[in-house]
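Note that the structure is a prediction, hence the values are computed from the model and not measured. Protein chains get the first letters and strands the later ones, always in sequence-line order, with residue 1 at the start of each. The basis for the numbers below is simple: all heavy atoms, side chains too, and nothing from hydrogens, waters or symmetry mates.
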Amino acid sequence: KNQVEQSPQSLIILEGKNCTLQCNYTVSPFSNLRWYKQDTGRGPVSLTIMTFSENTKSNGRYTATLDADTKQSSLHITASQLSDSASYICVVSSQGSTLGRLYFGRGTQLTVWP
Amino acid sequence: NAGVTQTPKFQVLKTGQSMTLQCAQDMNHNSMYWYRQDPGMGLRLIYYSASEGTTDKGEVPNGYNVSRLNKREFSLRLESAAPSQTSVYFCASYRQGTEAFFGQGTRLTVV
């Protein structure tokens, strides 16, 4: 069964600290993995994409890693800011005859305190 | 470039009433999706359409119907609303190899 599991479910950190969010998936055949940020009351917005051949990709203070062998990804946030408070969702896409299918994790709710 | 547009943004229904949520995208994407999001549950797929003229059930399709009117538009219909359908609904569109783009959501309350 194609699944995406995220941990932790929620996380509270102090402003300026770093944190790492985890995503494990069983989706096959794998196409790519994206991390989305969802602010309260808004739709998710893409942060970064990881394809099969990529191990690490950075987008400002966000760094995503992918281990395609173990089917694990992480999102590392450096020097957190209050505006980082949001839900972070791992989304894996599969490649197939249906022109691709998206599988969502339930998200990690990050709260950054001053 | 508007991306994905959902209407309405907010709606209150009485139990048993019907309504249609509208979604349109202007990115020429083949695939479109309807999700519901409930506290602590994440995004759950209701229905999706891989291409114009096709629709498939997702994880939680009961109580909903969809129509892929054309490549741009994908609507979600509640024939007889129930309190359990109180949720935030998101429409998304996607072209394989690119990112999914989401609408701003419809907050639906059924009383």
Visitor: To the closest 0.5 Å, what do you measure between CZ (A/F104) and OH (B/Y35)?
Guide: 3.5 Å
Visitor: Between B/V88, B/L43, B/T54, which has the largest tally of heavy atom pairs under 4.5 Å with chain A?
Guide: B/L43
Visitor: Hydrophobic clustering (ILVMFWY, side-chain heavy atoms < 4.5 Å, transitive) - are B/L45 and B/Y64 grouped together?
Guide: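 No.
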Visitor: When you look at CZ of B/R77, are more than 12 heavy atoms from neighbouring residues, nucleotides or ligands closer to it than 6.0 Å?
Guide: yes
Visitor: When heavy-atom pairs shorter than 4.5 Å are enumerated against chain B, which of A/Q6, A/Q109, A/R106 gives the highest number?
Guide: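 Looking at each of A/Q6, A/Q109, A/R106 in turn, A/R106 comes out on top.
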Visitor: Is B/V66 reachable from B/F90 through a run of hydrophobic residues whose side-chain heavy atoms are each under 4.5 Å from the next?
Guide: no
Visitor: Given a strict heavy-atom distance threshold of 4.5 Å, which part of A/Y103 is in contact with chain B: side chain, backbone, both, or neither?
Guide: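 Neither part.
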Visitor: Please check if B/L78 and B/Y47 belong to a single hydrophobic cluster, counting links between Ile, Leu, Val, Met, Phe, Trp and Tyr side chain heavy atoms closer than 4.5 Å.
Guide: yes
Visitor: B/E99 and side-chain contact (heavy atoms from CB on, under 4.5 Å): which partner among A/S93, A/P44, A/S46?
Guide: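 Testing each of A/S93, A/P44, A/S46 against B/E99, the sole residue satisfying side-chain contact (heavy atoms from CB on, under 4.5 Å) is A/S46.
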Visitor: So if you build clusters from Ile, Leu, Val, Met, Phe, Trp, Tyr with side-chain heavy-atom gaps below 4.5 Å, do A/I77 and A/L33 land together?
Guide: yes
Visitor: With a 4.5 angstrom heavy-atom cut-off, could you sort out which part of B/Q37 is near chain A: side chain, backbone, both or neither?
Guide: side chain
Visitor: With a 4.5 angstrom heavy-atom cut-off, is it the side chain or the backbone of A/Q38 that approaches chain B, or both, or neither?
Guide: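 When you check distances to chain B, only side chain atoms of A/Q38 fall under 4.5 Å.
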Visitor: Are B/F101 and B/F74 grouped together when hydrophobic residues (ILVMFWY) are joined by side-chain heavy atoms under 4.5 angstrom apart?
Guide: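 Result: no, two separate clusters.
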Visitor: With heavy-atom distances below 4.5 Å as the criterion, would you say the side chains of A/V91 and B/Y94 are in contact?
Guide: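 No. Closest side-chain heavy atoms not under 4.5 Å.
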